[in-house]
Structures are given as C-alpha cells and as structure tokens.
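Computed over heavy atoms, backbone and side chain alike; hydrogens, waters and symmetry mates excluded.
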Amino acid sequence: MQEKISIVVPIYNVEKELDRCLQSLLRQTYKNIEIILVDDGSPDRCPLLCDEYAQKDSRVRVIHKKNGGLSDARNVGLQATTGEYVLYIDSDDYIDLDSCERLLKATEQQKVDIVVGSAIMEKSDGSCEEMLHTATPSGIIYNASEFIEKSIRAYQWYAPACFNMYRRDFLLQNELFFKVGIYFEDMQMLPRVFLAAQKIACIDGVFYHYVVRDNSIMTSKKDIKKQSDSIQNLREWKEQFDHVQDAKLRKILYGMLVKCYLHECRVYGITKWEIDGVDFKFVVNNSLNFKEKIKGLLFALLPKCYVRV
C-alpha cells in the first residue's frame, strides 16, 4: 500500500516544542508522507526553523502566512495537501513513530472516510490521562450511526481533530473546513465531520501524545469569548441534531448535547438555559443516564448551587 499521507502542522510560537514534533514525523516508519508546515505568522524563530527543515528533507513544505489562528492555518494546509489521507498534528504535540503505518493499515480492507485513534494527554504536572476507543475496536468498518452511538455511550467521542486520519477527498467534497475566529474549533467540527462519514475505522492503542502546556487554551484563564464560543458551538450542535433523520441517533446526540451543556454551565458559572429548545424537559427526555438527569434537576432547581458544586 503506497497511499501518501499529508500531515498538516499549524505553527505559532512553539520554537521550544517544534523539534520534538517534527522529529516524530520525519522518523515515521511509513515514508510516503508529506509534511506541510503552516507558519501562521509566528513571532519567534519558527519561520526560520521551518525553512531549515524544508531544506533538509524534500518531504517538508512550508507555507508562510499572516496570522489567522489555528482554524485558518489548518484550512490553508488542507488546501495544499496532495495525499490520499490527511493528518492534523499540533506543533506542541507528537506521535509514535509507527503511527502512519498503523493508521494506514486500517484502510487495507477498503477506503474509509475517517480512521480513529487513541491518545494520551501529558499534563504539565507529569501526570497522564489516556483517551481510548475501547468501545469501537479495530477490525470493523462502522457507519456514522454505529460509531457515534457506541462512542457516546462509552464517553469516548473525543473532539480533537488530531486524533483521527481523514480521507482528503471526503474533507474537501463535504467542505469540512474549520470555523475561523473561534475557540474550541474542534468541538464545533466534531458532529459535522462524523455525521458526514460513510465508513469509519479504528486502530487499537495510543498513537497521539497530546501535550498540555501551562499557556495553552486548555489551561489559560476563562473569558467571555470562550464562554460565548462554547455555548454557540452547542447551539450549532442543536441545529444539526434537529435535522438527523434517525430518531435513535438523534436522541443519543441530544444526550451528548445535554452532557456538554451542563458541563459548560459549571465551567463558566452559567445559571440559566441559553440554547433554544434546551430546558429541563429536554434534559429529562434525552439525558444519557440517571446521573445526567439528576444534574439537570439540580441545575433547574438550584442553578447557583449546581455551578458551585
């Protein structure tokens, strides 16, 4: 199998982490890859370092552009790809050296739209947290409904786009570009990309190392825009889910929406219903389990207590 894998790496202000990331790509056991480095107007030495890597390895291509954020950099990178499959790798993360080989092996049976992998989150305090796909083992081709239902019920429907490999034509034909100018763009993309997929495969075991830096979006302070973007993402989820024809799948998706909304209320101290159609009755009818219903009841009756628990 000789399909080319295009690896898109958005780069901004990561000169200390860049070498670790790129070495994990350049040393892949599978060699038919192209590495597209998208310098998103980085103010440090990253632009120079990118050019140096391109001079050393012909598989590396560099795009220098004005700063537009992660989504814009990924979109620009996708449009420059030439491979059959696409990986998005964040420049402060890294992957195992056999990742491309393992991901591509999952496509041997037939072409698939998405290959889903597992990750390990490496936190700044030295602790780690695995994000696995035990509910959807390898060796099976799933349709969207099967994969989404199994993943949500197991609490394993992970948002980061970097945890998956995508068929390039699938992304382009469905115009699956990231929304520009928002936080949590992967959450916004999550249902769009999986609901559009016809065939989904998985690999067993971790391949992606998700490094949480002290100054990352995950660890930086909360602000009004983050709150606004988070809730707007869930509003868009609701609009998409309303149009899902499969009633069983729609209910599962509503359950995921309930779980995420109640979580965001706690994170941002939100004490009222802010999504049209999402209220106590909606929560009771669609919660994934009894625990989520209790959370919804507490939020409805004592919202200030709920967000402080």
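Screening Thr82, Thr81, Ile33 against Lys4 for a side-chain contact (heavy atoms from CB on, under 4.5 Å) leaves a single residue, Thr82. Tested against Cys202, the residues Ile141, Asn164, Val116, Val115 include a single side-chain contact (heavy atoms from CB on, under 4.5 Å) partner, Val116.
Few gaps surround NZ on Lys251; more than 12 heavy atoms of other groups in view lie less than 6.0 Å from it. Other residues, nucleotides and ligands contribute over 12 non-hydrogen atoms within 6.0 Å of the CG atom of Leu301. Around the CG atom of Asp276, the shell of radius 6.0 Å holds no more than 12 heavy atoms that belong to other residues, nucleotides or ligands. Under a cut-off of 6.0 angstrom, the local environment of NZ in Lys248 is sparse, with at most 12 non-hydrogen atoms contributed by other residues, nucleotides or ligands. Around atom NZ of Lys16, no more than 12 heavy atoms belonging to other residues, nucleotides or ligands sit under 6.0 Å away. No more than 12 heavy atoms of other residues, nucleotides or ligands shown are found within 6.0 angstrom of CD on Glu175.
No donor-acceptor distance shorter than 3.5 angstrom exists from the side chain of Tyr261 to the backbone of Ile231, with no hydrogens or angles considered. Between the side chain of Ser24 and the backbone N or O of Ile95 there is at least one donor-acceptor pair closer than 3.5 Å. Looking only at distances, no side-chain donor or acceptor of Ser230 sits under 3.5 Å from a matching main-chain atom of Gln227. For the pair Glu149 (side chain) and Ala144 (backbone), a donor-acceptor distance under 3.5 Å is absent.
A salt bridge links Asp72 to Lys65: one of the charged nitrogens lies within less than 4.0 Å of a carboxylate oxygen. The pair Lys123-Glu129 counts as a salt bridge, with a side-chain nitrogen and a carboxylate oxygen less than 4.0 angstrom apart. Note on Lys238 versus Asp242: salt bridge recorded, some NZ/NE/NH1/NH2 to OD/OE distance being below 4.0 Å. Under the 4.0 Å criterion applied to side-chain N and carboxylate O atoms, Lys105 and Glu101 are not assigned as salt-bridge partners. The pair Arg59-Asp57 meets the salt-bridge criterion, since a charged nitrogen lies less than 4.0 angstrom from a carboxylate oxygen.
Note that SG of Cys162 is 11.5 Å distant from CD1 of Ile7, once rounded to the nearest 0.5 Å.
Tyr53 and Asp19 are linked by a side-chain donor-acceptor pair at a separation below 3.5 angstrom, with hydrogens and angles left out of the test. A donor-acceptor pair shorter than 3.5 Å can be found between the side chains of Ser138 and Asp204. Looking only at atom types and distance, the side chain of Asp51 has a donor-acceptor partner in the side chain of His64 under 3.5 Å away. At a cut-off of 3.5 Å, with distance as the only test, no side-chain donor of Gln156 or His133 sits close to an acceptor on the other residue. Side chain to side chain, Asp93 and Tyr208 meet the donor-acceptor criterion of an N or O pair below 3.5 Å.
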Pair Tyr30-Gln2, side chain to side chain donor-acceptor pair (under 3.5 Å): steps then yes or no:
CA-CA 9 Å; Tyr30 186 77; Gln2 290 299 314; 4.6 Å; no

Could you walk me through whether Glu84 and Arg167 pass the side chain to side chain contact (heavy atoms under 4.5 Å, CB included) check?
CA-CA 6 Å; Glu84 283 75 19; Arg167 187 167 60 83; 5.9 Å; no

Side chain to side chain contact (heavy atoms under 4.5 Å, CB included) for Ile200 and Asn143? Distances and angles first, verdict last.
CA-CA 6 Å; Ile200 302 169; Asn143 62 36; over 6 Å; no

Show the numbers, then the answer: is there a side chain to side chain contact (heavy atoms under 4.5 Å, CB included) between Val60 and Leu25?
CA-CA 10 Å; Val60 178; Leu25 307 182; over 6 Å; no

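For Arg102 and Phe207, the positive end is not near the middle of the six-membered ring at less than 6.0 Å and at most 45° from its axis.
Asn32 meets the side chain to side chain donor-acceptor pair (under 3.5 Å) test with no other residue; sequence neighbours excluded. Glu17 pairs by the salt bridge (Lys or Arg N to Asp or Glu O under 4.0 Å) definition with Arg213, not counting sequence neighbours.
The side chain to side chain donor-acceptor pair (under 3.5 Å) analysis of residues 186-198, with sequence neighbours excluded, yields the pairs Arg74-Asp186, Gln188-Arg192, Gln188-Glu236.
Annotation: Tyr85 is not in aromatic contact with Tyr166 [ring centroid separation under 6.0 Å not met]. Between Trp273 and Phe282, the distance from one ring center to the other does not fall under 6.0 angstrom. In this structure, Tyr88 has its ring center closer than 6.0 angstrom to the ring center of Phe178.
Under a hydrophobic clustering in which Ile, Leu, Val, Met, Phe, Trp and Tyr are joined whenever their side-chain heavy atoms come within less than 4.5 Å, directly or via other members, Val284 and Ile275 fall into the same cluster.
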